[in-house]
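Below you'll find the structure, written out as structure tokens, and then a few comments.
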Protein chains: 2
Amino acid sequence: MQKTMRDDATPEHTRRPTIKDVADRAGVTKATVSKYLNRAHGYAMAASTRERIRAAIQELDFQPSPLARGLSRSATSTIGLVVADIRSQFYPDLVASIQTAAEAAGYTLVLGSSGDDPDRELDIIRSMAHRRVDGVVLVAVRSESDHIDYLRRRGIQIVLASRDLPELVADTVVVDSLAGARTAVRHLRSLGHRHIGHVAGELSVKPFADRRRGFELEAGDDAPVATAQSSFEGGRAAARSLLDVAEPPTGIFFASDTMALGGLMACADLGLRVPDDVSIVGFDNVTVGQLPGIALTTIDSDAVRVGEQATELLLKRMLNPADAGADPVLVTRPAELVVRTSAAPPR
Amino acid sequence: MQKTMRDDATPEHTRRPTIKDVADRAGVTKATVSKYLNRAHGYAMAASTRERIRAAIQELDFQPSPLARGLSRSATSTIGLVVADIRSQFYPDLVASIQTAAEAAGYTLVLGSSGDDPDRELDIIRSMAHRRVDGVVLVAVRSESDHIDYLRRRGIQIVLASRDLPELVADTVVVDSLAGARTAVRHLRSLGHRHIGHVAGELSVKPFADRRRGFELEAGDDAPVATAQSSFEGGRAAARSLLDVAEPPTGIFFASDTMALGGLMACADLGLRVPDDVSIVGFDNVTVGQLPGIALTTIDSDAVRVGEQATELLLKRMLNPADAGADPVLVTRPAELVVRTSAAPPR
DNA sequence: CTGTTAGCGCTTTCAA
DNA sequence: TTGAAAGCGCTAACAG
């Protein structure tokens, strides 16, 4: 580990080569190099010139500055990803698949987490717009339509993943919450349950409203429902309120796995055994659900595919000017039942 | 919702106001506005001018373009975050705390996930350098020293979180793996276990090597050890190999909770009950460990504090030119035991 | 096929 | 205290 004698606080950092350096070295102008860089290869350029430029670039290990490029092109090869809360059990797969798809297409991901707060969400969106992201993936956020208008007005494309809005204001990829909920309840019924309850998430969130609706369609309007925040603690409290009565339900359908895990905790709190005393079905199929000791029967939200497809849709709009203005598309993916052992016939 | 008559495919997006617009409106030049923007408030500027600029900015809802600013200042108010694999149970808290700390300081986070692949990691780091991030947080990645040199040569500050390297080449914040491992083993011993095994992670990863070392110090060099990839499946396979013998250990210390969860699965595979037949202690204290049905006894990696402190250290170097060249600092946080029920006295 | 000339939006000397 | 001018690194007409 060598040290220079100079004792300066600001060491000389190796200056990055610029397009000008490449041009000089190749004996052409910046413009020509720029053409080489952009108008892809193979078009209207003397083979010898192209070769000299190629060589110069390689020798200098030159890479165009995304900043400068972004400034002059007003596009940054960047995609913004806004999630409600990175901490949630539910996102890892979704985020990972978006990240993978985006990078495969040559885009860099800029991450923002709103903490499920609509104001912070707008801040983040604003900041991304200023940074000139080319598109935004909104994952399970509370996006009011204004947020979306804000972006659209600036020509930034958007896609919603995993949470739809009451109106179809942008491309959206979700799982079929209504059908999934019905499947869940039917599963409980087929096991012999007749008294079934539901722990619902915030009804302002459309998928949660849909799940509740699906529940009611199958279990009837008078079946017991407790609504809470979609969190571990929310599910725990709601489940407790549902179970701590004279005639508790023998099976409960939770609007999310996160809440269902809270439900498991509530059962432990009350000394109830799952599935002996109460059967539980969740929604999402988070990874931890497959652990022995949890073995959560659930509805698969297919996060990986939702993320992939959302990214596809976004890229399509971004890349294809013709598609950019087209009407929003709604993709509803099937929600499949994953049977484990947290739901069984009532004793 | 009004619609214009024009049916053009390229709708006119509202042009964002520039510093020039503000200048014109305030009756000054760009330079003056720029000064207002930078030399903070309260310095050498006619009160009336300042007020006019303030008003113009507000009326126009002007915000300086980060791109342009980045280009001329060579700094982007952006921090790069490189994680080994977002999918891991272990990161959410760490990432969230880094994200929070960075945003609180006015920085935007750019996310990269390397899939634990050193080559991809270098790619990501390169790309971040080109995008002129001001600093990089490397979370549990495989950073070879070259990666770090690459950044440093370009004047980009670095901090390592949760995984240290054999040499202290950059600021580093980790938990005390050696002591944590010893605590884990002592806990098993205090419960009465005499035959204790260890499932180790890749020994090229220093914290895993340290944990193994700590294990050996307490359990002796001849205690059974199985090494595997630090994943659910890795832990599962390693645990199985440890348990599927004539005289299996009654307690196992896992190098990570992720592996310990795999261990739980292995026990289920072999029809062993936890903690009746075998006691399990993990390392990290991931969220799911506290679920009933898991109740994993573990060592807390204190992800939140590690993330915060790493970000603090990074910001300090970035913001304070005097500190920028100072020698790397190593912060080792205490690793505390979290007692739950996956470890109990041997029957 | 390649070069000239303007910008993109902001910062930063250097003058005035 | 403010302005003029050059430049950050690249792209994009328009010529030639």
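Residue numbering restarts at 1 for every chain, and letters A, B, ... go by the order of the sequence lines. Heavy-atom basis, side chains included; hydrogens, waters and symmetry copies ignored.
- Taking A/D117 as the reference, A/D119, A/R120 meet the side-chain contact (heavy atoms from CB on, under 4.5 Å) condition, with sequence neighbours excluded.
- Scored by the side-chain contact (heavy atoms from CB on, under 4.5 Å) test, B/T29 finds B/A31, B/T32 as partners (sequence neighbours excluded).
- In this entry the distance linking CZ of B/R154 with P of D/dG9 reads 14 Å, nearest Å.
- Scored by the side-chain contact (heavy atoms from CB on, under 4.5 Å) test, A/A105 finds A/Y107, A/L315 as partners (sequence neighbours excluded).
- Screening residues 77-88 of chain B for salt bridge (charged side-chain N to carboxylate O under 4.0 Å, His left out) gives B/D85-B/R87 as the qualifying pairs, with residues at least two apart or on separate chains.
- Atoms CD (A/E51) and P (C/dC1) sit 17 Å apart, rounded to a whole Å.
- Here the shortest heavy-atom pairing between A/F62 and A/P17 reads CD1-O, 3.4 Å.
- Of all the residues in residues 26-34 of chain B, B/K30, B/A31, B/S34 reach under 4.0 Å from DNA chain C with at least one non-hydrogen atom.
- Straight-line distance from the CD1 atom of A/I19 to the P atom of D/dA12: 11 Å, rounded to whole Å.
- To the nearest 0.5 Å, atoms CG (B/D171) and CG (B/L138) are separated by 12.0 Å.
- Summarising the geometry, the separation between NZ on A/K20 and P on C/dG3 is reported as 12 Å, rounded to the nearest angstrom.
- Across the protein-nucleic acid pair, A/R52 atom CZ and C/dT2 atom P stand 8 Å apart, rounded to whole Å.
- Distance CZ (B/R69) to P (D/dG9): 18 Å, rounded to an integer number of Å.
- Applying the 4.0 Å criterion to OP1 and OP2 of D/dC8, one finds that B/R73 has every side-chain N and O outside that range.
- Contacts classified as side-chain hydrogen bond (donor to acceptor under 3.5 Å, both in side chains) and involving residues 304-314 of chain B (residues at least two apart or in different chains) are given here: B/R305-B/E308, B/Q309-B/R333.
- Rounded to whole angstrom, the span from the NZ atom of A/K35 across to the P atom of C/dG3 amounts to 8 Å.
- Going from atom CD1 of A/I53 over to atom C1' of C/dG3 covers 12 Å, rounded to whole Å.
- Rounded to 10 degrees, the angle separating the terminal helix axes of the helix from C/dC1-D/dG16 to C/dA16-D/dT1, each built from five base pairs, is 40°.
- Taking the nucleotide of DNA chain D with the nearest heavy atom to each of B/T49 and A/L71, the more 5' of the two is matched to B/T49.
- Scanning for side-chain contact (heavy atoms from CB on, under 4.5 Å) contacts around A/S74 gives A/R132, with sequence neighbours left out.
- Each of D/dG9, C/dC10, C/dT2 was ranked by its minimum atom distance to the side chain of A/M45; first place goes to C/dT2.
- Residue pairs meeting the salt bridge (charged side-chain N to carboxylate O under 4.0 Å, His left out) criterion with at least one partner in residues 62-77 of chain A, sequence neighbours excluded, do not occur; the list is empty.
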